[in-house]
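Since we're looking at a predicted model, the values are computed, not measured. Computed over heavy atoms, backbone and side chain alike; hydrogens, waters and symmetry mates excluded.
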Amino acid sequence: MVEASGLRAVTRCQVLGAGPYSETEQGLYRGYLSPAYHAAVDLVGAWMVEAGMRVDLDPAANLRGRYEGTVPGAPALVIGSHLDSVRDGGCYDGPLGVMLGIECVAALHEQGRRLPFAIEVYGFGDEEGSRFPAAMLTSRAVAGTLDADLDRIADAQGVSLDVALASFRTDYDVVTANTPTDRLSVQAYRSARRAPEDIVAYLEAHIEQGPVLEAEGLALGTVTGIAAQLRYAATVRGMAGHAGTSSMPLRRDALAGSAEMVLAIEEIAREDGSALVATVGKLEVLPGAANVIPGEVRFTIDVRSGDAGRRDRAAQAILARLEQVASRRGLVLDLALVHDLPASPCDAALMDLMDAAMAGAGQPLRRLVSGAGHDAMVMAALCPTAMLFIRCRDGVSHNPAEHVEPADAEAALRVMLGFIDKLGDRRADRP
């Protein structure tokens with residue numbers, strides 16, 4: 001039996017970064033319920049079995065391994081992250097958290113140790129939403145917060161979620177209401193929901209997807225929570241006209257006005273002087289001809305902060321400034337709120353346990369907020385959550401250049417095992 005290690009976790013992520021675990025020959029893309037996802041589930045499930053877990057698939061096609069506690073059937077600490085990827089993604093975003101969960105169980109199994117709670121490792125199927133237009137479907141099913149109309153969900157090729165589920169087969173039983181079956185369906189999907197009394201807490205290890213840890217020379221950080229997010233769709237309308245015959249004073253150029261708006265968004269976020277961020281990530285110019293003054297521009301606005309109040313104040317300042325620009329330039333501005341995601345704070349007591357585990361592993365203490373969304377923000381509706389960030393080179397994520405040092409993964413494993421021990425001590429002390 002090979003000793004559990006961060007190196008093995010990193011190596012396994014790299015194995016999952018190529019065919020048959022990717023749908024593309026160049027780069028990584030593993031969409032939910034695809035053949036590549038099927039192959040990944042079968043392989044990762046085998047690694048779970050090797051680590052000493054009983055493995056099955058839940059009704060949302062989440063891979064699930066269970067390592068029993070001292071009392072069979074006890075509530076579980078869930079350790080998880082996602083197995084799907086964005087298009088042209090990196091090896092570690094998602095799978096590293098699953099691999100480290102497996103390594104935690106492998107270490108306990110090697111030592112013949114059981115805890116006052118079970119440990120379940122989840123490989124969630126759809127965090128990214130890269131195949132079906134509804135991100136975090138599978139963790140929302142587990143948390144019981146799924147409000148999407150599953151019958152209407154289909155991918156870009158027109159394959160419905162129900163058809164994709166029905167055609168999905170793995171080496172592992174699908175367990176619905178404790179009864180094995182060989183078929184997944186949208187009708188059974190929501191039965192993936194777990195009861196709060198069955199879950200002790202949720203722990204997710206994830207690459208930082210940002211540059212803070214590397215800039216400070218740190219391998220790991222305790223996550224305080226996931227930032228609140230607002231997203232808007234903006235449409236700016238002016239007047240299209242001939243580029244050669246329309247004089248400058250008479251123009252109502254939607255692109256020039258939008259450019260001023262984009263700079264205003266950046267300026268307001270910079271002036272806030274905090275971790276707040278604002279981004280224009282998509283811009284579409286119409287009619288899009290070289291000799292025509294743009295008559296319409298559409299762009300997105302994404303505002304995030306760990307403090308929902310700060311986020312809201314910045315968003316209101318941005319919207320007010322955009323209205324001023326539109327009025328001064330004779331433009332029409334339409335704004336639509338696309339989504340409003342509240343901040344998802346990690347559990348204070350679990351953060352303290354994580355800090356103590358960091359100190360016990362000889363790691364400097366650093367707390368930081370996550371600007372990106374994770375399955376942890378969904379699981380917070382079900383149980384207390386904790387997150388551990390792992391340094392990634394240059395802060396790069398969602399990119400083939402993602403890189404994690406094995407030594408950092410090893411440090412993360414030691415901290416996670418320390419966290420598990422401290423959580424076990426706390427549970428054992430309960431009357």
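- Between the side chain of Ser22 and the main chain of Tyr29, a donor-acceptor pair closer than 3.5 Å is present.
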- Message: Using side-chain contact (heavy atoms from CB on, under 4.5 Å), reason through Met99 and Val44 one step at a time and then give a plain yes or no.
- Response: CA-CA 8 Å; Met99 298 308 114; Val44 176; 3.8 Å; yes
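- The shortest distance between side-chain heavy atoms of Val159 and Leu33 does not fall below 4.5 Å.
- When every heavy atom of Phe124 is checked against every heavy atom of Asn62, the shortest pair comes out as CA-OD1, 3.2 Å.
- Judged by distance alone, the side chain of Thr138 and the main-chain N or O of Asp126 form a donor-acceptor pair under 3.5 Å.
- The neighbour count for Gln26 CD, taken as heavy atoms of other residues, nucleotides or ligands under 6.0 Å away, does not exceed 12.
- Minimum heavy-atom separation, Val105 to Ala51: CG1-O, 3.7 Å.
- To the nearest 0.5 Å, atoms CD (Gln363) and CG (Leu220) are separated by 4.5 Å.
- Remark: Glu25 CD is loosely packed, at most 12 non-hydrogen atoms of other residues, nucleotides or ligands lying under 6.0 Å away.
- In this view, Arg114 satisfies the side-chain hydrogen bond (donor to acceptor under 3.5 Å, both in side chains) rule with no residue, not counting sequence neighbours.
- Summarising the geometry of Ala234 relative to Leu335, their closest heavy-atom pair is CB-CD2, 3.6 Å, with the distance given to 0.1 Å.
- Counting all heavy atoms, side chain and backbone alike, Ala219 lies closest to Asp408 at CB-OD1, 3.4 Å.
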For residues 341-354, please give each side-chain donor-acceptor pair under 3.5 Å, one per line with the distance, not counting sequence neighbours.
unit_1 : atom_1 : unit_2 : atom_2 : d
Asp347 : OD2    : Ala349 : N      : 3.2
Asp347 : OD2    : Leu350 : N      : 3.0
Asp352 : OD1    : Arg367 : NH2    : 2.9

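- Atoms CG and OH, on Asp340 and Tyr232 in that order, are 7.5 Å from each other to the nearest 0.5 Å.
- Using a 4.5 Å heavy-atom cutoff, the side chains of Arg140 and Asp147 are in contact.
- Panel note: side chain Tyr21, backbone Ala39; no donor-acceptor pair is recorded below 3.5 Å.
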- Task: Begin with the C-alpha distance, continue with both residues' side-chain angles, and end with the deciding distance and a verdict on side-chain contact (heavy atoms from CB on, under 4.5 Å) for Thr300 and Glu284.
- Result: CA-CA 9 Å; Thr300 58; Glu284 181 182 8; over 6 Å; no
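- At least one donor-acceptor pair under 3.5 Å links the side chain of Glu208 to the backbone N or O of Leu213.
- Within the 4.5 Å cutoff, no side-chain heavy atoms of Met261 are placed close to those of Ile301.
- Nearest heavy-atom pair across Thr170 and His38 is CA-NE2, 3.7 Å.
- Side-chain atoms of His82 and Asp375 include no donor-acceptor pair closer than 3.5 Å.
- A heavy-atom distance below 4.5 Å is not found between the side chains of Cys91 and Leu16.
- Side-chain atoms of Val121 and Trp47, non-hydrogen and from C-beta on, never get closer than 4.5 Å to each other.
- Residues Ala36 and Arg30 share a closest heavy-atom pair of O-CD, 3.6 Å.
- Of the residues listed (Arg311, Gln229, Arg231, Gln316), the one engaging Val303 in a side-chain contact (heavy atoms from CB on, under 4.5 Å) is Arg311, and it is the only one.
- For the residue pair Asp307/Ser305, the side-chain donor-acceptor check at 3.5 Å is not satisfied.
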- Message: Would Ser185 and Leu165 count as a side-chain contact (heavy atoms from CB on, under 4.5 Å) here? Give the steps.
- Response: CA-CA 6 Å; Ser185 69; Leu165 286 164; 5.6 Å; no
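- Here CG of Leu96 is found 4.5 Å from CD1 of Ile390. Values are rounded to the nearest 0.5 Å.
- No side-chain donor-acceptor contact under 3.5 Å links Glu23 to the backbone of Ser34.
- Using cut-offs of 30° and 60° for the angle between ring planes, the Tyr37 and Phe168 rings count as tilted.
- Judged by distance alone, the side chains of Gln14 and Tyr92 do bring a donor and an acceptor atom under 3.5 Å apart.
- Between Asp312 and Leu230 the shortest side-chain heavy-atom distance falls below 4.5 Å.
- Between the side chain of Gln209 and the backbone N or O of Ala372, no donor-acceptor pair lies under 3.5 Å.
- The shortest side-chain heavy-atom distance between Asp42 and Tyr172 falls under the 4.5 Å cut-off.
- Here the CG-CZ distance, from Leu43 to Arg12, works out to 8.0 Å after rounding to the nearest 0.5 Å.
- Arg64 places no side-chain N or O within donor-acceptor distance of the main-chain N or O of Ala61, the cut-off being under 3.5 Å.
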- Decide yes or no on salt bridge (Lys or Arg N to Asp or Glu O under 4.0 Å) for Arg8 and Glu103, but give the supporting numbers first. CA-CA 8 Å; Arg8 183 165 65 182; Glu103 293 302 318; 2.8 Å; yes
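- The side chain to side chain contact (heavy atoms under 4.5 Å, CB included) test applied to Asp394 returns Glu214, Val396, not counting sequence neighbours.
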- Item | Arg131/Asp84 under salt bridge (Lys or Arg N to Asp or Glu O under 4.0 Å): CA gap, chis, key distance, verdict | CA-CA 9 Å; Arg131 179 178 180 185; Asp84 68 323; over 6 Å; no
- Item | Criterion salt bridge (Lys or Arg N to Asp or Glu O under 4.0 Å) on Asp272 and Arg313, from CA distance to verdict | CA-CA 10 Å; Asp272 189 79; Arg313 288 190 296 273; over 6 Å; no
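- Note that CD1 of Ile79 is 10.5 Å distant from CD of Glu120, once rounded to the nearest 0.5 Å.
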- Message: Assess the residue pair Arg66 and Met53 against the criterion (side-chain contact (heavy atoms from CB on, under 4.5 Å)); give the C-alpha distance rounded to whole Å, side-chain angles, the decisive distance to 0.1 Å, and a yes or no.
- Response: CA-CA 5 Å; Arg66 183 177 172 96; Met53 286 180 268; 5.7 Å; no
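- In this structure, Val212 and Phe389 have side chains that are not in contact, with every pair of non-hydrogen atoms separated by 4.5 Å or more.
- Remark: Leu161 CG to Leu184 CG distance equals 9.5 Å, nearest 0.5 Å.
- Put simply, the side chain of Glu402 gets close to the backbone of His398: a donor and an acceptor are under 3.5 Å apart.
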